[in-house]
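Letters A, B, ... mirror the listed sequences (proteins, then strands); counts begin at 1. Note that the structure is a prediction, hence the values are computed from the model and not measured.
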Amino acid sequence: MKAFNQPAARGRVSRRALLRGAGVAIALPWFESLAQPARAQAAAAPKRFVAIYLPCGAPELWKPPLTGVGAGWQLSSVLDRLAPLKSLVTVVSGLETGSVFNVDGSNSVSPEDSRLPSAWLTCTDAKTARQTLMVPEANGTSADQVMAAHPVFAGQTALPSLQIGLSSVLSYCDGEPCSESRSVSWQTPTKPLFKLVNPSDVFAQLVGVWPGGADPAASPRRDSRISVLDAVQETAAVARARLSAHDKLRMDEFLASVRSIEKRVSSSQADSCGPLPSLPVFPHVDGNFRQNIGGYDKGVHADLMNELLALALQCDRTRIASYMLEDERSEFVCDHIPRRTFTALTSTLGEGTCPEWHGGGQQGRQDDFASIVQWNVGKVGELCQKLAGMPEANGQSVLDNSVIFLGAGLEGSMETADRLPALMIGGGGGRLKTDQHLDLGKRPLRDLYFTLMNGVYDMAVSDFGVNLTGAPIATIKGLLNA
Amino acid sequence: MWVVVRAGSLAWAVAGVWTLALGVAGCGKTGQNGGSPGRASGGGSQAVAGSGGASAGSSGNAGSGGGTTAGSAAAGVGGTGGMEGALGAEPSDLRRLTAAEYQATVSDVLGSSAKPDLAAFATDVGGFDNNSAANGVSDELYLRYLETAEDVADEVFASDLLRPQIVTCAATDDATCVQSVISQVTLRLFRRPALAEELTAYQKVYQRARARQEDHEGSLQDVLIALLASAQFLYRMEFVPTATGSQPLGPYDVATRLSYLLWSSAPDPTLLDAAAQNALSTDDELTAAVERLLQDPKSKRFGENFAGQWLGARKLTQVSLDPTLYPGWSPLVATAAASELELYFDELLQPGVDFARFLDSSVHFANEELGQVYGVPLAHIDNQRIEVKDVDRRGVLGLAGFLFQTSTPTRSSPSGRGAWILERLLCSPVPPQPAGTPPFTAGEDTIADYLQGLDAQPACMTCHATIDRLGLALENYDAIGRYRTIYASRKPVSSHVALPASSALPASMDVSGVAGLSQLLAAAPAFDTCVAQQLYSYGFGRAVSDAERPDVQALATAWQSGPTTLRELVMQLVKSRTFRYRSDGGAL
């Protein structure tokens, strides 16, 4: 494997140039050798949270036929690729966000392909937020970002959080601000974080803002950056004084980002994962791939993101991530997925391949839709198996200490705000009661985030999100070990 | 918990938001959507069918109240008539350079070929990508800017051709030399002379690099990175006037507005000189400047960025048709058609060309692949200007780039074409497609019958009546844009439609084919106003609010009262008070 950092003339080699030049075709997985215990001196392994967004909901086949624990329930056909992980899986049926939108808690919301995904991780109606704040785009702060900003997580890792996605084609935004259907993470009510879709960008983010982590050969670039960022802040303050009140707010946002990057540049944590390998060659994703063509392969894209996300969690670069498997209204054509024929518990290979995810897949044949969702659940399963194979200092695996939450913003067949597909994989540091299928009937989704924040991460929060029906926020006791 | 970031009438949703539901022409779903009260869209999105009799633009924005009108905002300013009276009600916001503007600016000023990859951060709120409502900066975006600044500086300093343009003196540690370099580069990159405090701050970058044993050039390279990573470069910054009320913009701000409008780039030395001599304030001076800018080859970016988005040329490469059904289809056709839209626009921008030709012209720009669509044998790789003398193919509505833009892989989409015309040419927003709309799955020869059959479903017809029939008048063009009189199934094509009255087209009438439709549009007042609105929205980097509608109307009226050339519309925009003034003076 080629070392990532190389000495260069005057130490000022462009990191991006390096990234581009470092493309060496390597078969996946390409950093198995790194699978070594991380953070040897850590007393207790850190807990992580990953929210994975499944667009367009799921077919009814998603729901396991029986509720129960252990041998009392079985995975459905759509979820069958989680079989090796079943002991760490919790399927939660009966969650809803209708209560975010409607005082009677009813399930109808329109336009559903923007407002429902935007409420998924925020439990807030973006449209109400926009109107309240009188800004073109707004939402609530998302659960992952509430966590990232909380003292339990804040300042513990080089990256406060990570946002990634597999969107390879520009998606339709349903007539609303695109942030609502393209970004599930909101750092503040007016700051959507979007997500990185290029593996090379994610890699660059994980590697840090200078090559080689604490490598002294890279320090000129770091010192240069610090001096540059100081000047940027100094001059921005000079200009800010001459701007209108509204523009000053924009400048404050800008300055906050500059400070955040400077902090990242300045911190030089020892690298717990050793030298990093280079990234395999992958086509640059720029909204340009509507299907697997031109060297683009959705499966490889997903595999790379899985590797990178696992790396981020294992190496403790971050403990919070959100991951969009696709944008809500993506027109990606899923002809990389063979069509299968489904029953409640099994599926068999059928003929042909799947159509476009939204529309053709979702609203067309049940088998098309199930095939697409099953394939994606399979990719999430592969991520979790990686995490399960990563030992930590306390003898457990990264997955034991994580909650990988996979969910959708809407019900798949009717596009409503109830019966939301939701499941968790991971032990949550021993707090989650796993290997069960729980049907909550009709329970606000915000209760699930509330339960995780307090019951798994000990954040002692008192509220999250919105419930117009007036029902108080409450812990879902069945999710937690006694 | 929420902080009110901005008070004011931000009726952005009222302006056409260009999002078409591609590939789906169905309606017919009842159940949770039919008559659902949950469809409480604020304003603007129901102006299509005209059930309320509202003209485009006056649809109520329930959220923002009706008190703010241009009249009240302009009260007390004492306009002097004409465009002067219609003062933009909104102050101009800080505008971040778009990816295209960034690229053009570093190319023109530094000779760099860098292209920042900002696609993942695009906050597309509809309309043009220069919309200032969408130009916030996140940590990751800023990091991208920092990296790009380093890339650009690396490129410039590695080039023996480019480096000497920056390093204009060689006296290491000489404050005068360093300052002269900073002043020169800042003038170009910041589009104005540097402030004293700025010069001091960037001098410090040089000194700190020297302290790290960087040589003179290496230290100046750090300075260049700092300039490119600064807000002053990344944003078009207009300092708010110190005097109260509406105040003329400073000459450098005018120069910057002009050059980004027409070149998508920073002012060149000539324009900066004019600013230095305060020679960009009279109508004559502005006219001369606009003429010069449009004469410059850099003005092709106006077509790329304005027409490229307005007419959708940029998105054509995302379209893919089924090659088994449309053997003439290839990515080359899409590229040629995108180029044709821009060339078509560029020709309209030439002096003396009447904008009527937008809808009524036989001119095409085609190469071999595109020529096959038009039935004209050509052997050229690059697009050639040709005339297609065919009464059934004329104007922008006959261009393949329009015709296949909304097609599904297997058929033409009358609804898509109709919605495009409503949104792009009439500025009449089309509501989002209702939830759970099933896809239309039958063949191309049944779509017309299917859409006409929606008559039986009044809930569908609220939107579909106007949308579809505009598109059905163009059924003589297949998905790729080839002329046809019969479908593949031998069924004859009909392009005769009875258009119902709507807000955008108030009189009901029978229309036939592209010629009839083009004539109808050309005669529609909403069309002229919409063209003015598109340019206004692009020029000021914001969606048009209710409060600004009189301003847009005044622009359209001024344009229609003179020569109706595109050039004249640009002139009128530049001479307007909104372009030359800020209304928030004294706000500090």
Check your understanding: To the nearest 0.5 Å, what is the distance between CD (Q187(A)) and OG (S138(B))?
Key -> 8.5 Å
Practice item. Kindly give the heavy-atom pair with the smallest separation between A231(B) and M251(A), and that separation in Å. Key: CB-SD, 3.7 Å
Check your understanding: For the candidates R259(A), H284(A), Q233(A), R290(A), which exhibits the highest count of non-hydrogen atom pairs separated by less than 4.5 Å from chain B?
Key -> H284(A)
Check your understanding: Is the shortest side-chain N to carboxylate O distance from E197(B) to R242(A) below 4.0 Å?
Key -> yes
Point to revise | Approximate separation, where rounding is to 0.5 Å, of L94(B) CG and S244(A) OG | key: 7.5 Å
Practice item. Mark yes or no for whether S257(A), through its side chain, and V137(B), through its backbone, hold a donor-acceptor pair below 3.5 Å. Key: yes
Check your understanding: Relative to chain A, which segment of S132(B) carries a heavy atom at a distance below 4.5 Å: side chain, backbone, both, or neither?
Key -> backbone
Exercise for review: Against chain B, work out which of D113(A), D230(A), V169(A), T188(A) has the most heavy-atom pairs shorter than 4.5 Å and name it.
Suggested key: D230(A)
Check your understanding: Is there a side-chain contact (heavy atoms from CB on, under 4.5 Å) between R96(B) and R250(A) once you walk through the steps?
Key -> CA-CA 10 Å; R96(B) 179 156 56 77; R250(A) 279 272 187 228; over 6 Å; no
Check your understanding: Which pair of non-hydrogen atoms, one from F254(A) and one from A229(B), has the smallest distance, and what is that distance?
Key -> CZ-O, 4.0 Å
Check your understanding: To the nearest 0.5 Å, what is the distance between CD1 (I261(A)) and CD (E147(B))?
Key -> 8.5 Å
Practice item. Starting at CD of E253(A), measure out to CG of D139(B) and round the result to the nearest 0.5 Å. Key: 11.0 Å
Exercise for review: Go through I226(A), V238(A), V333(A) and name the one with the most non-hydrogen pairs under 4.5 angstrom from chain B.
Suggested key: V238(A)
Revision key, fill the gap. Under 4.5 Å to a heavy atom of chain A? For L227(B) that would be neither
Practice item. State plainly whether the residues R208(B) and D223(A) are in salt-bridge range, i.e. N to O under 4.0 Å. Key: no
Check your understanding: Taking C-beta and beyond as the side chain, do S224(A) and Q221(B) meet within less than 4.5 Å on heavy atoms?
Key -> no
Practice item. Under 4.5 Å heavy-atom distance to chain A, tell me which part of Y145(B) shows up: side chain, backbone, both or neither. Key: neither
**Study point:** From E262(A) atom CD to Y142(B) atom OH, the distance as rounded to the nearest 0.5 Å
**Key:** 9.5 Å
Point to revise | Minimal non-hydrogen separation, Q232(B) against A236(A), with atom names | key: NE2-N, 4.2 Å
Point to revise | Taking every non-hydrogen atom, the tightest pair across A226(B) and V232(A) | key: O-CG2, 3.8 Å
Review point. Any side-chain heavy atom of D201(A) sitting closer than 4.5 Å to one from R144(B)?
Key: yes
Point to revise | Distance (rounded to the nearest 0.5 Å) between T235(A) OG1 and K204(B) NZ | key: 10.0 Å
